[in-house]
Amino acid sequence: MVKRITALLCAACCLLPLAACGQSETASSTQEIFAMDTIMDITAYGDSAETAVAASVQRINALDALLSTNNTASEIYAVNQAGGTPVTVSSDTLTLVQDALTLCARTGGALDISIYPVLTAWGFTTSSYQIPDAATIENLLQYVDYSKVLVDSAASTITLSPGMEIDLGAVAKGYTGDQVMAVMAGSGVTSAVISLGGNVQVLGTKPDGSNWNVGVTDPENPDSYFGVLSVHDTAVVTSGGYERYFVGDDGVTYWHILDPDTGYPARAGLISTTIVCSSGVTADALSTAMFVKGLDGAEEYWRENGGFEAVFVTDDDQIYITSGLKDSFSLSSGYESRSVQVIEP
Amino acid sequence: MKKKRFSTRFWVILIALVLAASAAAAVLLHVFASGTVANVYLNGECIRSIDLSTVTEDYTFTVEGDACTNVVEVAPGKIRVQSADCPDQVCVNTGWITDSSTPIVCLPNKLVIRIESDAGSSSVDVVAK
């Protein structure tokens, strides 16, 4: 009898740890890295999560080395320093520059990857902020024209006109997100979530089959989020004036999203644009381009082109969503009193 | 008949007590885990873990990284970077954080302060910004 009861007691003890856990969890792997001048969180679920995350980190670091504007060993640096001569580049750089130029053209230049000389004059590339004088901006704008970026895909070369410089800051994280999703899928992962400095991309659904809940940052109070998007298999990319800005001696806030037409911070009435789109590079590019276009221009672009959904916040605190988000967007707690206007096709 | 040293009832009560104690421990652990714990990471490595729910008085400590130095202030239920000699001051401007929605990040110094276990606010999986 004692033996039997001792055995029972032992069995009970063995079960205790299980009772404490409550539920079995899907295997997962998370890594946080610093790359592309920002912080990135990579999480994958499932048996191959660990190898997939490691491969993703490797891919990110490789792309960072190719695409960074200030890394003197990068291909983009070489292109910018070539003084008008063709530079041979890898297929990643070639593909991304081609994709970016397509988006520059489609948005009518609201996105322009050749804005870099003006961005530098404002100090946004170094954090030594200053307000350039009008003549400086006017002078630099002559070098801003994405259509003068020549890509020869057969020879794998990129050529800029002398004085021009390109910067893939508005598309590199989106492209990288797409590449990470491909690495994850290739490793057999069906559930993953990444944040590349706030550029969110999700693969599949959560391990329990439910949608991912992606918060959308409140541009007036970037520590919280005003809305939640319930999504799967998509990129969610937000651009806002709160991301990188300074307040000048004149008391005016200057942010890093410049209007390529004027060389000054884009003030078209929007303070935040969020793009929901299966392609990370498109979402990234459009979040900037729609910010530059403003609400009317963005609505028009969405109606004409489609292929994405969006959340806009105007400078008078109005929230707009495109009709495809009607069922997936909700206001978060504390924001229930805000009204949401739906943009119909 | 051989006398039993302990009755069956004794064992049943003992097992019940052990199970009850473990259940209580599990509940307590869960309660403590859902307090507000701030983890301080330098270069991706956790160098400090602070249970903000047990902090009663303000204090500061200094994080020396490769690039610069951050002075971190801890207060009941919240944490912030009080001052730093980094160029952009983004970490300082983030101010106090009290939940897991936004971490404090000092990119130049590769410092991240993140509140990781917070019962109330994790209704989203990730935040786009």
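Residue numbers begin at 1 in each chain, while the letters A, B, ... track the order of the sequences. Both backbone and side-chain heavy atoms feed into the values below; hydrogens, waters and symmetry mates do not.
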Is it the case that over 12 heavy atoms from other parts of the model lie below 6.0 angstrom from the [atom1] atom of [X]?
X: Glu336(A); atom1: CD; value: yes
X: Lys206(A); atom1: NZ; value: yes
X: Asp327(A); atom1: CG; value: no
X: Asp208(A); atom1: CG; value: yes

Under 4.5 Å from any heavy atom of chain B - which part of Asp218(A):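 Neither part; nothing is under 4.5 Å.
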Side chain, backbone, both or neither of Pro219(A) within contact of chain B (heavy atoms, under 4.5 Å):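 Neither part.
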Winner by heavy-atom pair count (cut-off under 4.5 Å) against chain B, out of Thr43(A), Ile33(A), Thr38(A):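 Looking at each of Thr43(A), Ile33(A), Thr38(A) in turn, Thr38(A) comes out on top.
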Minimal non-hydrogen separation, Leu107(B) against Ile39(A), with atom names: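 Taking Leu107(B) first and Ile39(A) second, the nearest heavy atoms are CD2-N, 3.9 Å.
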Minimal non-hydrogen separation, Pro222(A) against Thr102(B), with atom names: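 The pair with the smallest heavy-atom distance is O-OG1, 3.7 Å.
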Chain A interface, residue from Val90(B), Val112(B), Val105(B) that has the most non-hydrogen pairs under 4.5 Å: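 Looking at each of Val90(B), Val112(B), Val105(B) in turn, Val112(B) comes out on top.
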Per-residue contacts, residues 236-245 of chain A versus chain B, heavy atoms under 4.5 Å: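 Listed by number, the contacting residues are Val236(A), Thr238(A), Tyr242(A), Glu243(A).
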Backbone N/O of Asp125(B) and side chain of Asn213(A): donor-acceptor pair under 3.5 Å: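 The answer is no, because no donor-acceptor pair under 3.5 Å joins these two groups.
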Residue from Val216(A), Asn199(A), Thr217(A), Val200(A) passing side-chain contact (heavy atoms from CB on, under 4.5 Å) with Lys129(B):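 Only match with Lys129(B) under side-chain contact (heavy atoms from CB on, under 4.5 Å): Thr217(A).
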Residues from residues 58-72 of chain B approaching chain A under 4.5 Å (heavy atoms):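 The list, in residue order, is empty: none.
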CZ-CG distance between Arg114(B) and Asp41(A), expressed to the nearest 0.5 angstrom: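 Reported to 0.5 Å precision, the distance equals 4.5 Å.
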Interatomic spacing from CZ in Phe34(A) to CG in Asn109(B) - rounded to 0.5 Å: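 Nearest 0.5 Å value for the CZ-CG distance: 9.0 Å.
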